[in-house]
> 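Encoded as structure tokens, here's the structure I'll be asking about.
Only this structure's heavy atoms are used, side chains among them; waters, hydrogens and symmetry mates stay out. These figures come from a predicted structure and were not determined experimentally. Just so it is clear: chains get the letters A, B, ... in the order the sequence lines come, proteins before strands, and each one is counted from 1.
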Amino acid sequence: MWADLLVEEILKTRAPGGQVVNDAWSPSGYAHIGSLKGVVLHDAVTRGLRDRGAPVRFIYGFDDYDPFDGTPSYLDTERFAPYLGMPLCTVPSPEPGAASYGEFFGRRFVEDFHRLGCRPEVYWGSALYRSGRMNEAIRRVLDRAGEILEIDREISGSQRTERHPLQVICESCGKIATTMITGWDGREVTYECRAEKVAWAAGCGQGGRRSPFDGASKLIYRVEWAAKWWVLGVTVEGAGKDHFTRGGSHDTASAVAERIFGYPTPFPIPYEFLLIGGAKMAGSTGKGVLARDLLEILRPELARFLMVRPHYREQKNFDPGGETIPRLYDEYDRAVRAFRGEIDEPELARTFVYAFIDEARPQAYRPRFGKVATLLQIPSVDLEAAVAEEKGAPLSAADREELAERTADARRWLSHYAPEAYKIEVQATLPPAAATLTAAQQGFLEALAQALASAEWRGPAVHNQIHELKNARGLSPQQAFGAIYRAFLGKESGPQAGWLLAALDRDFVLERLRQASAQRTAS
RNA sequence: GGGCCGUUAGCUCAGCAGGCAGAGCAGGGGCCUCUUAAGCCUCGUGUCGGGGGUUCGAGUCCCUCACGGCCCUCCA
């Protein structure tokens, strides 16, 4: 299990004291799936460290001092246009109930990752700056701006000419993305708010002089990353591979951390992307898969399992279509059984340790997902009774809850993602596929109609009738059952035929059997 | 151009601190009076992408090539 190996490596290479695991995200819209993967990954590592008895804190930052740099597609562009360039914490919330835009989306995301069992200590960038905790870092960065510019050029080949790696909030217009610092005297900075500094927001053209401390300014991204490590004492922090490219933001942040702050780079965890249906897509554009979208597709247990199961360096492409979801369900159930010691799969058992939301929950009886999906589609089946029979004991409250979850998931799967072959739908009229019936099959159906006219209208009785006639007429199971499925479902196979027919209206069944047997066949 | 990852049974993938190739699904066979999507038992010789190398021994380490995916713009 990769998380175990990481934990081991962390304990081996980091100071024996407590670990501080950090992750952060800029709340510029609804979080997308990758941000969620980040939280889960850091939570897993935290869980692993805790499991080994190591003192550990997991902190999570919302970078709501970052500038608002674009309106997501699901919001009104015109309404938010005036706020472009301001810190996310001073942009109004799109809905009532939050003090700011950043807080609104931050809180939404907290809800999402809480559902996945991640409960880091949350902190806000705005509070970090306003409280003065970043002051010393800001001072140091301003004093050594030249060195940082050098580091930037050396590591990333950046052509950045802006000397001060700091952005101050314009006192006139409140924007932070548009300002340029022109001087630093050890107490205050002078700045200009420029109309064309960035393409997506216009500065007011004013300038001024102010103290950069206590929330008046924010470090630029790469430098801020290093500063936060230092200020918060971070010892473990991963990021997506986009940050870990050579000369990328992580390289720069590491160099700044070590050379400017004299602080060792936290244990790095560069992780691969989770693709959904082959696409990644960004949250700020509003396109693509949001964290909450995934939670619409998969219940929290499975969503977390999906992110924890593959090696963190492995790119995973999750395509909810086909048999992906039933397979994921089966795999999760196997992990549960492995954890309980029912099957010998140590790797899976460990995976479960990192995947579970609520350790106690999986004690419930777990009927196979595919089976639930099938039974669900046969009207006569009492799901709870059927599952209780399989279990061999009455269902507990937890069993029923589990079954209800699965039933809801199965319904969703069937209506949105399941291949046609898994859908059982009795056709309202004789399906075209019935035209391919052979004479022998038609004879069989005709005889079946006669026999069923007076048979007991229950699954087992109908089932026996089918078998008797099949045997009497020397038909293979394929021929006999295939004929029934074609006549009713328009397909080659289906659920147990006796129960299927008994679930339907008798007259309807008899009529359909006669239609199918009377139809002229191509052959 | 640089980086990361992938290429293992028909399909989806495990296996990667080197030691006789695995699972699930599909498929074959069998049981439950009944093979037809519920349950149970049983069956897996595949150039582990190609080629070198290290080793007593390599999917498992090193080099190299090919194909595929993604990333290098503050998007995980």
> Test of understanding: with side chain to side chain contact (heavy atoms under 4.5 Å, CB included), list the residues that count as partners of Leu5(A), not counting sequence neighbours.
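Not a single residue meets the side chain to side chain contact (heavy atoms under 4.5 Å, CB included) criterion with Leu5(A).
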
> With rounding to the closest Å, how many angstrom separate the C1' atoms on C25(B) and C61(B)?
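So the two C1' atoms sit 33 Å from each other.
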
> Could you tell me whether Arg366(A) and Asp330(A) have a side-chain N and a carboxylate O separated by less than 4.0 Å?
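Salt bridge flag = no for Asp330(A) with Arg366(A).
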
> Mind checking Glu237(A) for me? I need base, sugar-phosphate or nothing, with any heavy atom below 4.0 Å counting as a touch.
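Counting heavy atoms under 4.0 Å across all strands, no contact is made by Glu237(A).
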
> Is the shortest side-chain N to carboxylate O distance from Arg350(A) to Asp4(A) below 4.0 Å?
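A salt bridge links Arg350(A) with Asp4(A).
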
> Side-chain N or O of His243(A) versus OP1/OP2 of C75(B): is the shortest distance under 4.0 Å?
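Affirmative; the distance criterion is met.
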
> Taking only the side-chain heavy atoms of Tyr221(A) (C-beta and beyond), determine which of C74(B), G3(B), C71(B) contains the nearest atom.
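Within the option list, the nearest is C74(B).
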
> What's the gap between G59(B) and G49(B) when it is taken at their P atoms, as a whole Å value?
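Each nucleotide's P atom is 10 Å from the other's.
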
> Whole angstroms only, please: what is the CZ-C1' distance between Phe244(A) and C71(B)?
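Distance check: Phe244(A) CZ to C71(B) C1' gives 13 Å.
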
> For Tyr271(A) and Gly34(A), which heavy atoms make the closest approach, and how far apart are they?
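Answer, listing the atom of Tyr271(A) first, then Gly34(A): OH-O, 4.4 Å.
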
> P atom, U45(B) versus C31(B): distance in rounded Å?
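25 Å, rounded to whole Å.
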
> Taking OH from Tyr271(A) and P from G3(B), how many angstroms apart are they, rounded to a whole number?
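These atoms are roughly 22 Å apart.
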
> When you compare U60(B) with G53(B), how far apart are their C1' atoms, in angstrom units rounded to a whole number?
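Straight-line distance between the two C1' atoms is 16 Å.
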
> Mind checking who G46(B) pairs with, Watson-Crick or G-U wobble, both distances under 3.5 Å?
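The answer is none; no pair meets the criterion.
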
> Does U54(B) have a Watson-Crick or wobble partner in any strand here, with both distances under 3.5 angstrom, and which is it?
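When the pairing criteria are applied, nothing turns out to pair with U54(B), so the answer is none.
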
> Let me know the distance between CD of Gln315(A) and P of C70(B), rounded to the nearest Å.
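Taking atom P of C70(B) as the reference, CD of Gln315(A) is at 7 Å.
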
> Atom NZ of Lys228(A) and atom P of C74(B): how far apart are they, to the nearest Å?
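After rounding, the reported distance stands at 16 Å.
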
> Using side chain to side chain contact (heavy atoms under 4.5 Å, CB included) as the criterion, list what pairs up with Ala385(A), not counting sequence neighbours.
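Ala385(A) satisfies side chain to side chain contact (heavy atoms under 4.5 Å, CB included) with Asp382(A) once adjacent residues are dropped.
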
> Between Ala24(A) and Ala480(A), name the one whose nearest nucleotide on RNA chain B is closer to the 5' end.
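This one resolves to Ala480(A).
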
> How are the rings of Trp230(A) and Phe261(A) set relative to one another: parallel (under 30°), tilted (30 to 60°) or perpendicular (over 60°)?
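Judged by the thresholds at 30° and 60°, the geometry between Trp230(A) and Phe261(A) is parallel.
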
> Identify the nucleotide, in any strand shown, that forms a Watson-Crick or G-U wobble pair with A38(B), with both distances under 3.5 Å; if there is none, say none.
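The answer is none; no pair meets the criterion.
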
> Any idea how Trp413(A) and Phe369(A) line up, ring-wise: parallel (<30°), tilted (30 to 60°), or perpendicular (>60°)?
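The rings of Trp413(A) and Phe369(A) stand perpendicular, inter-plane angle above 60°.
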
> Can you tell me which nucleotide in U33(B), C5(B), C74(B) comes closest to the side chain of Asn464(A)?
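From the listed options, U33(B) comes nearest.
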
> What is the separation between atom CZ on Arg334(A) and atom P on G24(B), rounded to the nearest whole Å?
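Roughly 6 Å, once rounded to whole Å.
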
> Nearest to the side chain of Gln167(A), which nucleotide is it out of G69(B), C74(B), C72(B)?
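Output: C74(B).
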
> Measure distances between side-chain N and O atoms of Lys241(A) and base N and O atoms of C70(B), and say whether any donor-acceptor pair falls under 3.5 Å.
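Such a pair is found, so the answer is yes.
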
> Name the pairing partner of A21(B), where a pair is Watson-Crick or G-U wobble with both distances under 3.5 Å, or state none.
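By the stated definition (distances under 3.5 Å), nothing pairs with A21(B).
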
> What integer number of Å spans the P atoms of G10(B) and G44(B)?
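Each nucleotide's P atom is 15 Å from the other's.
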
> What is the separation between atom OH on Tyr312(A) and atom P on C5(B), rounded to the nearest whole Å?
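Rounded to the whole Å, the gap is 9 Å.
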
> List the residues meeting salt bridge (charged side-chain N to carboxylate O under 4.0 Å, His left out) with Arg411(A), not counting sequence neighbours, and say none if there are none.
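With neighbours one apart ignored, the set is empty.
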
> Could you pull out all residues at least two apart from His463(A) that satisfy side-chain hydrogen bond (donor to acceptor under 3.5 Å, both in side chains)?
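Per chain and number, His463(A) pairs via side-chain hydrogen bond (donor to acceptor under 3.5 Å, both in side chains) with His467(A).
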
> Take Phe481(A) and Asp330(A), find for each the nucleotide of RNA chain B with the closest heavy atom, and name the residue whose nucleotide sits nearer the 5' end.
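It is Asp330(A), whose closest nucleotide lies nearer the 5' terminus.
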
> With a 4.0 Å cut-off on heavy atoms, is Trp225(A) in touch with a base, just the backbone sugar-phosphate, or nothing at all?
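Touches nothing.
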
> Is the number of heavy atoms from other residues, nucleotides or ligands within 6.0 Å of OH (Tyr485(A)) greater than 12?
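Yes.
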
> U7(B) pairs with which nucleotide, Watson-Crick or G-U wobble, both distances below 3.5 Å?
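Matched U7(B) with A66(B) under the 3.5 Å cut-off.
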
> Taking the P atom in each of C11(B) and G46(B), what is the distance between them to the nearest angstrom?
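Their P atoms lie roughly 14 Å apart.
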
> Rounding to a whole Å, what distance do you find between Tyr485(A):OH and U35(B):P?
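In whole Å, U35(B) P lies 13 Å from Tyr485(A) OH.
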
> Under 3.5 Å for both donor-acceptor distances, Watson-Crick or wobble: does G1(B) have a partner, and if so which one?
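Base-paired to C72(B).
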
> Write out a two-atom table: protein N or O, nucleotide N or O from nucleotides 38-40 of chain B, distance below 3.5 Å.
residue: A38(B); atom: O2'; partner: Lys371(A); partner atom: NZ; Å: 2.3
residue: A38(B); atom: N7; partner: Gln496(A); partner atom: OE1; Å: 3.2

> Measuring from the side chain of Arg222(A) (C-beta onward, heavy atoms only), which nucleotide among C74(B), C72(B), C70(B) has the closest atom?
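Looking only at heavy atoms from C-beta outward on Arg222(A), the closest nucleotide is C74(B).
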
> Would G59(B) be called syn or anti, given that syn covers angles within 90° of 0?
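Syn.
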
> Among Lys241(A), Lys316(A), Arg313(A), which residue meets the side chain to side chain donor-acceptor pair (under 3.5 Å) test with Glu272(A)?
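Of Lys241(A), Lys316(A), Arg313(A), side chain to side chain donor-acceptor pair (under 3.5 Å) with Glu272(A) is met by Lys241(A) alone.
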
> When you compare the protein's N or O atoms with those of nucleotides 9-15 of chain B, which come within less than 3.5 Å of each other, and at what distance?
residue: A14(B); atom: OP1; partner: Glu314(A); partner atom: OE1; Å: 3.0
residue: A14(B); atom: OP1; partner: Glu314(A); partner atom: OE2; Å: 2.7

> Take atom P in C56(B) and the same atom in A14(B), then report the distance between them in whole Å.
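Nearest-Å result for C56(B) against A14(B) at atom P: 32 Å.
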
> Taking the same atom, C1', in U55(B) and in C13(B), what whole-Å distance lies between them?
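Approximately 30 Å lies between the C1' atom of U55(B) and that of C13(B).
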
> Do the rings of Phe62(A) and Phe113(A) sit parallel, tilted or perpendicular, given the 30° and 60° boundaries?
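Rings of Phe62(A) and Phe113(A): parallel, under 30°.
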
> Starting from C1' on C75(B), measure out to CG on Asp63(A) and report it in whole angstrom.
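To the nearest whole Å, that distance equals 13 Å.
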
